[in-house]
Amino acid sequence: MAKRKMKYVCQECGYESAKWMGKCPGCNNWNTLVEEMEASPAGNRHTMTRDTKTKHQPESITSVETQKEPRMTTSMNEFNRVLGGGIVPGSLALIGGDPGIGKSTLLLQISSQLADKHLPVLYISGEESVRQTKLRADRLGVTSDLLYVLAETNLFDIVNQIEQTKPALVVIDSIQTIYREEISSAPGSVSQVRESTSELMRVAKSNGIPIFIVGHVTKEGAIAGPRMLEHMVDAVLYFEGERHHTYRIVRSVKNRFGSTHEMGIFEMKEEGLREVMNPSEIFLEERSQGAAGSTVVASMEGTRPVLVEIQALISPTSFGNPRRMATGIDTNRVPLLMAVLEKRVGLMLQNQDAYIKVAGGVKLDEPAIDLALAVSIASSFRNQPTKPEDIVIGEVGLTGEIRRISRIEQRVQEAAKLGFKRVVCPQKNLEGWTPPETIEVIGVNTVQEALDEGLVR
């Protein structure tokens, strides 16, 4: 019998090495290589033959017939929008989030809603027993007879149950607990996660059964396991939010059947998650009127405009190097905009500490928030409050110019719906459309013009 070889596999990126190394050459992380045993070959490759008549033949893309498959919709419109309109049959979706954030609660509620529509759902838990899942179901008010619960971690048994019961939806909680017997490594390792996900993807595509799998996250917030895991699945959803706050955000970072960067907002209650229909009111309900350093921006989260408050606190530094701290936005954006304000507007910010915060816990990453961030910094530095009925949006260039942004109509309509009176935006965005009568839209070309319009003197 041939001796089986040992190898070292990085648990972060999947890099394989014949010997142990302290630092992984693939992802540059330390102490992530773990010893694993190579799987034995399934058979002699020399005896394998290929049929010259392959099952699938290439065909012209213009001759391929397509049909629109109906999606399964849940009772949560927020979750349906994040997925692009509902659950696609045969899709494989990955949901990641911090421990205790509410991933299992969300999936159990979705399973119950589909079961109430007379669709059988199989909920497979590898971390909890059937009785523990039942306790959570009682707390959430889940009483459907078509919701089946299974506590299993063996992939072979899980696949058999899926193919026997033929459910309308399968939930795997979580993929890090599932293992294949022929792989010697422990559950949660790179090999186990990769092979288990590959087999579940085959089951989903061949049977037309949508499968949701829960993935653990690392301390940096990324989904644990190989990066290949996110490439294999059809959709990647991140469940975000502070554990000590009631609001949760489901964000789509990959979706083959819909737009990416969609966002759904929920509120955690004792009886489970409840969707928030108008998140802009939630983010602005505690806004202080007439406070310096506060500016409201209309940010696009996928196809939805969301109004959020950007707060800035500028104070003289007591250190040799001024501090630049930001929560909810990229920290590197703060010194860049402060340099523009110092060079193009004349604000002496080189000896000032800057603390930036996006109220409500939401994360913003689009360039259209640049102008609102710059106005907040200038407002706090001059100790001049912004006009409370204004919305400020626009991208700031290094020469101080204000650049065009996308979806200006949706942003202005959302601002008008919430009672704002003015929108300060790039001058180029005023062409080709007519704003609502209840709101005034002012175009600016430079940061200096925006400060003249947006600050109370």
Side-chain angles (χ1 to χ4, degrees), residues 1-48 92-101 103-104 124-128 151-159 172-203 211-240 253-254 331-332:
M1 183 177 179
K3 184 179 179 180
R4 299 179 68 178
K5 297 182 180 180
M6 304 299 294
K7 62 181 179 181
Y8 294 88
V9 181
C10 176
Q11 301 303 298
E12 296 292 336
C13 67
Y15 181 86
E16 297 183 3
S17 173
K19 61 180 181 179
W20 184 86
M21 291 180 289
K23 184 178 181 180
C24 173
C27 59
N28 295 325
N29 288 324
W30 288 89
N31 299 324
T32 57
L33 269 70
V34 177
E35 186 179 22
E36 295 183 6
M37 186 177 295
E38 292 184 354
S40 58
N44 190 357
R45 293 187 178 182
H46 295 87
T47 61
M48 296 177 62
L92 183 64
L94 174 64
I95 298 181
D98 295 332
I101 202 69
K103 302 184 297 295
S104 301
I124 302 173
S125 177
E127 300 176 345
E128 297 177 327
E152 184 59 65
T153 57
N154 190 311
L155 182 63
F156 180 78
D157 296 335
I158 291 175
V159 173
I172 306 292
D173 187 10
S174 64
I175 191 62
Q176 274 78 14
T177 62
I178 308 302
Y179 71 93
R180 298 186 64 166
E181 294 180 341
E182 60 269 22
I183 300 178
S184 60
S185 58
S189 62
V190 171
S191 301
Q192 290 283 8
V193 171
R194 180 176 60 238
E195 296 301 325
S196 299
T197 305
S198 177
E199 180 65 18
L200 290 173
M201 180 175 63
R202 182 195 65 81
V203 173
I211 299 178
F212 282 92
I213 58 178
V214 177
H216 295 170
V217 296
T218 61
K219 60 183 179 180
E220 289 82 12
I223 295 180
R227 192 68 176 179
M228 185 187 302
L229 182 63
E230 299 188 22
H231 293 283
M232 295 170 63
V233 299
D234 297 316
V236 179
L237 309 179
Y238 276 91
F239 204 25
E240 305 171 352
V253 297
K254 175 188 176 182
T331 308
N332 296 326

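One is the number of the first residue; the rest follow in order along the sequence.
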Self-check item: side-chain contact (heavy atoms from CB on, under 4.5 Å) evaluation trace for L92 with T197
Solution: CA-CA 9 Å; L92 183 64; T197 305; 4.1 Å; yes
query: Between N31 and W20, does a side-chain contact (heavy atoms from CB on, under 4.5 Å) hold up when you go through it step by step?
result: CA-CA 9 Å; N31 299 324; W20 184 86; 3.9 Å; yes
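Contact of the S189 side chain with the V34 side chain is not registered, since no non-hydrogen atoms from C-beta on lie closer than 4.5 Å. Put simply, the side chain of R202 reaches to within 4.5 Å of the side chain of V159, judged on heavy atoms. Contact annotation: the side chain of L200 never approaches that of I178 to less than 4.5 Å [non-hydrogen atoms, C-beta and beyond]. The shortest side-chain heavy-atom distance between N28 and K23 falls under the 4.5 Å cut-off. Side-chain contact check for N29 versus C10: every heavy-atom pair is 4.5 Å or farther apart. Residues P25 and Y15 meet the side-chain proximity criterion, which asks for heavy atoms closer than 4.5 Å. The closest side-chain heavy-atom distance from I172 to I158 is below 4.5 Å. Annotation: side chain of N154 is in contact with side chain of Y179 (closest heavy-atom distance under 4.5 Å).
Of the possible polar contacts, none joining the K103 side chain to the V214 backbone as a donor-acceptor pair under 3.5 Å is found. Panel note: side chain Q192, backbone R180; a donor-acceptor pair is recorded below 3.5 Å.
Atom-to-atom distance recorded for L229:CG and I175:CD1 is 7.0 Å, nearest 0.5 angstrom. The structure places CD of E181 at 7.0 Å from CG of D157, a figure rounded to the nearest 0.5 Å.
The shortest non-hydrogen separation linking T32 to C24 is OG1-CB, 3.8 Å. Taking each heavy atom of E16 and R194 in turn, the nearest pair found is OE2-NH2, 4.1 Å. Listed here is the closest heavy atom pair of L155 and S196: CD2-CA, 3.7 Å. Summarising the geometry of S17 relative to L33, their closest heavy-atom pair is CB-CD2, 4.0 Å, with the distance given to 0.1 Å.
By the side-chain hydrogen bond (donor to acceptor under 3.5 Å, both in side chains) test, E127 is found to be paired with S174, H216, residues two or more places apart in sequence or in another chain being considered. Applying the side-chain hydrogen bond (donor to acceptor under 3.5 Å, both in side chains) test to S191 and every residue at least two apart in sequence or in another chain returns E36. Applying the salt bridge (charged side-chain N to carboxylate O under 4.0 Å, His left out) test to E152 and every residue at least two apart in sequence or in another chain returns nothing.
If you run side chain to side chain contact (heavy atoms under 4.5 Å, CB included) between I95 and each of I213, D173, V233, L237, only L237 comes through.
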